[in-house]
> 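Please see the structure below; I have some questions.
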Amino acid sequence: MDSEFDNPFPEPVEIEITDVFDLHTIPPRDVKAVVEEYLRLAHEKGFKSVRIIHGKGIGVQREMVRSILARTSFVVDWTDAPPEAGGPGATIARLHTQPHMLH
């Protein structure tokens with residue numbers, strides 16, 4: 001097979017999950033799915049809180065992020081980040097800690 005036609009990205013890129021997630025690199029059409037998956041993984045890792053950086057703009061991504069937080073069962077609450085951590089351009093969400101469940 002001719003290597004110039006090989007997919008240069010055969011596997012999805014794994015991103016390390018930390019307690020801060022910056023949406024600036026995520027295409028707008030993917031934000032909903034990516035935020036939902038990020039929250040699931042952050043919760044699995046046992047984070048007590050996360051900071052999602054959505055930018056200030058006109059507030060579209062901020063509202064999208066907060067609507068996802070509102071319907072996510074393990075999110076306790078959320079607020080604007082303090083000024084030194086992004087202010088209204090970022091949202092801090094507190095998560096329920098997850099007891100390890102046996103299946």
Side-chain angles (χ1 to χ4, degrees):
M1 188 175 225
D2 192 337
S3 63
E4 72 178 278
F5 294 111
D6 288 349
N7 182 349
F9 305 107
E11 297 296 322
V13 176
E14 290 282 329
I15 298 171
E16 182 184 357
I17 302 299
T18 67
D19 61 350
V20 178
F21 187 52
D22 189 342
L23 296 179
H24 285 99
T25 61
I26 308 299
R29 70 180 176 277
D30 297 335
V31 166
K32 179 179 173 290
V34 170
V35 169
E36 289 170 347
E37 180 70 359
Y38 168 74
L39 288 170
R40 185 184 68 76
L41 294 170
H43 185 238
E44 278 180 12
K45 285 186 166 274
F47 291 132
K48 293 179 180 174
S49 68
V50 295
R51 179 167 52 114
I52 301 173
I53 302 168
H54 40 66
K56 293 178 184 137
I58 59 172
V60 173
Q61 285 201 3
R62 177 178 184 250
E63 290 310 310
M64 184 184 308
V65 164
R66 292 180 177 202
S67 71
I68 293 165
L69 295 172
R71 66 171 185 269
T72 301
S73 63
F74 52 82
V75 171
V76 178
D77 59 17
W78 62 88
T79 187
D80 285 347
E84 67 277 7
T91 296
I92 293 180
R94 288 191 310 145
L95 310 179
H96 286 290
T97 52
Q98 173 179 321
H100 291 291
M101 297 167 36
L102 299 174
H103 293 291

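All values below come from the heavy atoms of this structure, side chains included, with hydrogens, waters and symmetry mates left out. Just so you know, these numbers come straight off a predicted model, no measurement behind them.
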> Any chance you could measure Gln61, atom CD, to His24, atom NE2, to the nearest 0.5 Å?
7.5 Å
> Heavy atoms only: give me the nearest Ala85-Ala90 pair and the separation to one decimal.
O-CB, 3.7 Å
> Decide yes or no for Val34 and Phe21: does some side-chain heavy atom of the first lie under 4.5 Å from some side-chain heavy atom of the second?
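Result yes, sub-4.5 Å side-chain heavy-atom pair found.
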> Just how far is it from atom CZ of Arg94 to atom OG1 of Thr79, taken to the nearest 0.5 Å?
10.0 Å
> I need the Arg66 CZ to Arg71 CZ distance, nearest 0.5 Å.
15.0 Å
> Rounded to the nearest 0.5 Å, what separation is found between the CZ atom of Arg62 and the OG atom of Ser67?
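Result: 12.0 Å between the selected atoms.
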> Just wondering, do Ile17 and Phe47 contact through their side chains at under 4.5 Å, heavy atoms?
yes
> Are Trp78 and Val65 packed together at the side-chain level, in the sense that at least one heavy-atom pair is separated by less than 4.5 angstrom?
no
> According to a 4.5 Å side-chain heavy-atom criterion applied to Ile, Leu, Val, Met, Phe, Trp and Tyr, with indirect links allowed, do Ile53 and Val31 form part of one hydrophobic cluster?
no
> At their closest point, which heavy atom of Leu39 faces which heavy atom of Thr72, and how far apart are they?
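Smallest heavy-atom distance, with atoms named: CD1-OG1, 4.1 Å.
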> Report whether Leu41 and Val50 are members of the same hydrophobic cluster (ILVMFWY, side-chain heavy atoms less than 4.5 Å apart, transitive linking).
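Linked, Leu41 and Val50 end up in one cluster.
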> Can you measure from NE2 (His54) to CD1 (Ile26) and round to the nearest 0.5 angstrom?
14.0 Å
> Run Ile92 and Asp80 through side-chain contact (heavy atoms from CB on, under 4.5 Å) and show every step you take.
CA-CA 6 Å; Ile92 293 180; Asp80 285 347; over 6 Å; no
> Go through the steps to decide whether Leu95 and Lys48 satisfy the test side-chain contact (heavy atoms from CB on, under 4.5 Å), and finish with yes or no.
CA-CA 5 Å; Leu95 310 179; Lys48 293 179 180 174; over 6 Å; no
> I'd like to know if Arg40 and Glu44 make a salt bridge, using a cut-off of under 4.0 Å between side-chain N and carboxylate O.
yes
> Rounded at 0.5 Å granularity, tell me how far NZ in Lys45 sits from OG1 in Thr18.
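Answer for the NZ-OG1 pair, Lys45 versus Thr18, is 9.5 Å.
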> At their closest point, which heavy atom of Ile52 faces which heavy atom of Val35, and how far apart are they?
CD1-CG1, 4.3 Å
> Assess the pair Phe74 and His96: is the distance between their ring centroids shorter than 6.0 Å?
no
> For side chain to side chain donor-acceptor pair (under 3.5 Å), just list the numbers for Thr91 and Arg51, CA-CA rounded to whole Å, side-chain angles, deciding distance to a tenth of an Å, and then say yes or no.
CA-CA 6 Å; Thr91 296; Arg51 179 167 52 114; over 6 Å; no
